[in-house]
Amino acid sequence: MTDNSLSETLLAEHRQVLFRYALLQMRDPELADDAVQETLLSAWQGSAGFAGKASLRTWLIGILKHKIADHWRRSAHDPVLTDSHRLDAAEDAEADEDAFFMSNGHWHSGPSAWNDPEAAFRQQEFWSVYETCQNNLPPKMAKVFMLRELVGLEADEVCREAGLTETNYWVVMHRARLRLRECLEIRWFNSQKQEK
Amino acid sequence: MRSCREISALVSRGLDNPLDWRERLEIRLHTAMCPSCRNFQRQTQFMRKAARRFGADLETRFGKKS
């Protein structure tokens, strides 16, 4: 017996975040579930390897990434959401925000009021518009946004994952919100508005 | 006075990081007069909710496709 300091319950607490993380990368619930199972199993067996330097979740995500990479290696498939280093020059440009503001810092065409937006949650078509808008984000931006808002990682965890400084992170998240907002407005909340 | 461009960036940052009282005050004063930034502020909160719901539904969403 090892002096296992990580109980199954403690590991299971992270299951949901790990699952969403895996699902975003693998796009298949069964594969994602397998990867998470394997991750929790090896974490439990190898908990001596957890030095407590990083947070438990960071450590678990590290293991999960290996499991996912193993899977792609075995299936010789292209990962859907490839890892980092894809920061397009275009994504990094200031121009992104310039599309929304005039040179004096005022909105070009400011956000209009949305009437009872949460009513949209009940409509199936809203969710396909939402998905389209989210997929329209440039890849790296989409990844950062999804890790934070869908998977539920903390901001500092996202920074580590995506190799961003805190300042870059805020900029990326802000641009993602500007774009997503604009898209939702044009495609759902105020369809009279013209696409730029 | 900060511009809409700066205020909206501050609003965004405030979703991930607690702002200090000065920044919060600046946002309040600005949004009191500026409907566009007020809309932006509400809508960023709405988008956060939407994204969380979407995240919670990921399983069924991908499940249906495969």
Side-chain angles (χ1 to χ4, degrees), chain A residues 16-17 19-20 23-24 26-33 97-98 100-114 117-118 120-121 126-127 130-131 133-134 145-146 148-152 154-156 158 166-167 169-178 180-182 184-185 189, chain B:
Chain A
Q16 191 185 53
V17 165
F19 179 72
R20 288 184 193 174
L23 197 51
L24 271 185
M26 307 176 99
R27 310 238 148 196
D28 180 321
E30 272 173 46
L31 291 178
D33 198 50
E97 261 171 84
D98 290 343
F100 297 97
F101 299 96
M102 298 186 287
S103 55
N104 63 8
H106 282 297
W107 293 96
H108 255 304
S109 88
S112 54
W114 296 352
E118 286 186 33
F121 287 165
F126 170 75
W127 291 110
Y130 177 87
E131 190 170 20
C133 288
Q134 193 170 257
F145 182 82
M146 290 195 232
R148 174 73 183 115
E149 305 285 17
L150 272 64
V151 176
E154 296 299 328
D156 60 327
V158 178
E166 207 185 14
T167 313
Y169 167 81
W170 289 329
V171 171
V172 172
M173 285 297 284
H174 182 47
R175 289 178 187 169
R177 289 182 180 124
L178 285 170
L180 188 61
R181 200 212 66 77
E182 177 89 355
L184 290 174
E185 182 154 303
F189 290 105
Chain B
M1 278 296 284
R2 296 202 200 217
S3 65
C4 295
R5 185 174 179 143
E6 291 167 311
I7 290 293
S8 65
L10 211 51
V11 165
S12 245
R13 178 149 68 80
L15 283 174
D16 285 316
N17 197 269
L19 303 173
D20 66 35
W21 66 270
R22 265 192 71 124
E23 292 166 326
R24 291 200 305 270
L25 185 66
E26 279 188 271
I27 291 176
R28 267 177 175 241
L29 292 175
H30 184 104
T31 52
M33 299 178 307
C34 173
S36 294
C37 287
R38 198 159 59 235
N39 290 336
F40 180 77
Q41 188 177 34
R42 286 193 191 131
Q43 288 158 10
T44 51
Q45 285 156 5
F46 166 78
M47 288 191 289
R48 165 156 285 180
K49 261 193 202 170
R52 294 213 167 136
R53 274 194 186 223
F54 188 83
D57 288 350
L58 273 183
E59 196 168 354
T60 43
R61 230 163 268 285
F62 285 117
K64 267 181 221 151
K65 275 181 199 162
S66 56

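All chains are named by letter (A, B, ...) in the order of the sequence lines, taking the proteins before the strands, and each is independently numbered beginning at 1.
- Among all heavy-atom pairs drawn from A:H174 and B:S12, the shortest one is ND1-OG, 2.9 Å.
- Counting heavy-atom neighbours within 6.0 Å of A:Q16 CD, excluding the residue itself, gives a total of 12 or less.
- Near-neighbour residues of residues 16-30 of chain B relative to chain A, defined by a heavy atom under 4.5 Å from a heavy atom of that chain, comprise B:D16, B:N17.
- Between A:W107 and B:S8 there is a side-chain heavy-atom pair separated by less than 4.5 Å.
- Using a 4.5 Å cut-off between heavy atoms, A:E154 does not touch chain B at all.
- A distance of 6.5 Å separates CZ of A:F145 from CE of B:M47, quoted to the nearest 0.5 Å.
- Across all their heavy atoms, B:S36 and A:P111 have their closest contact at O-CG, 3.5 Å.
- Proximity to chain B is absent for every atom of A:E30, based on heavy atoms less than 4.5 angstrom apart.
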**Request:** May I have the step-by-step check of side-chain contact (heavy atoms from CB on, under 4.5 Å) for A:E149 and B:F54, ending in yes or no?
**Result:** CA-CA 9 Å; A:E149 305 285 17; B:F54 188 83; over 6 Å; no
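- Proximity to chain B is absent for every atom of A:D33, based on heavy atoms less than 4.5 angstrom apart.
- In terms of modelled atom types and a separation under 3.5 Å, the side chain of B:Q43 and the main chain of A:S112 share a donor-acceptor contact.
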**Prompt:** Which is it for A:F101 and B:S3 under the side-chain contact (heavy atoms from CB on, under 4.5 Å) test, yes or no, and what are the steps along the way?
**Reply:** CA-CA 10 Å; A:F101 299 96; B:S3 65; over 6 Å; no
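- The line from CG of B:L15 to CZ of A:R177 is 4.5 Å long, rounded to the nearest 0.5 Å.
- Put simply, of A:E118, A:H106, A:E166, the one with the most heavy-atom pairs under 4.5 Å next to chain B is A:E118.
- Taking the six-membered ring where tryptophan is involved, the planes of B:F46 and A:W114 are perpendicular, since the angle between them exceeds 60° and thus also 30°.
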**Request:** Go through A:R148 and B:R48 one step at a time and tell me if the side-chain contact (heavy atoms from CB on, under 4.5 Å) criterion holds.
**Result:** CA-CA 10 Å; A:R148 174 73 183 115; B:R48 165 156 285 180; 3.6 Å; yes
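- Neither the backbone nor the side chain of B:I7 has a heavy atom closer than 4.5 Å to any heavy atom of chain A.
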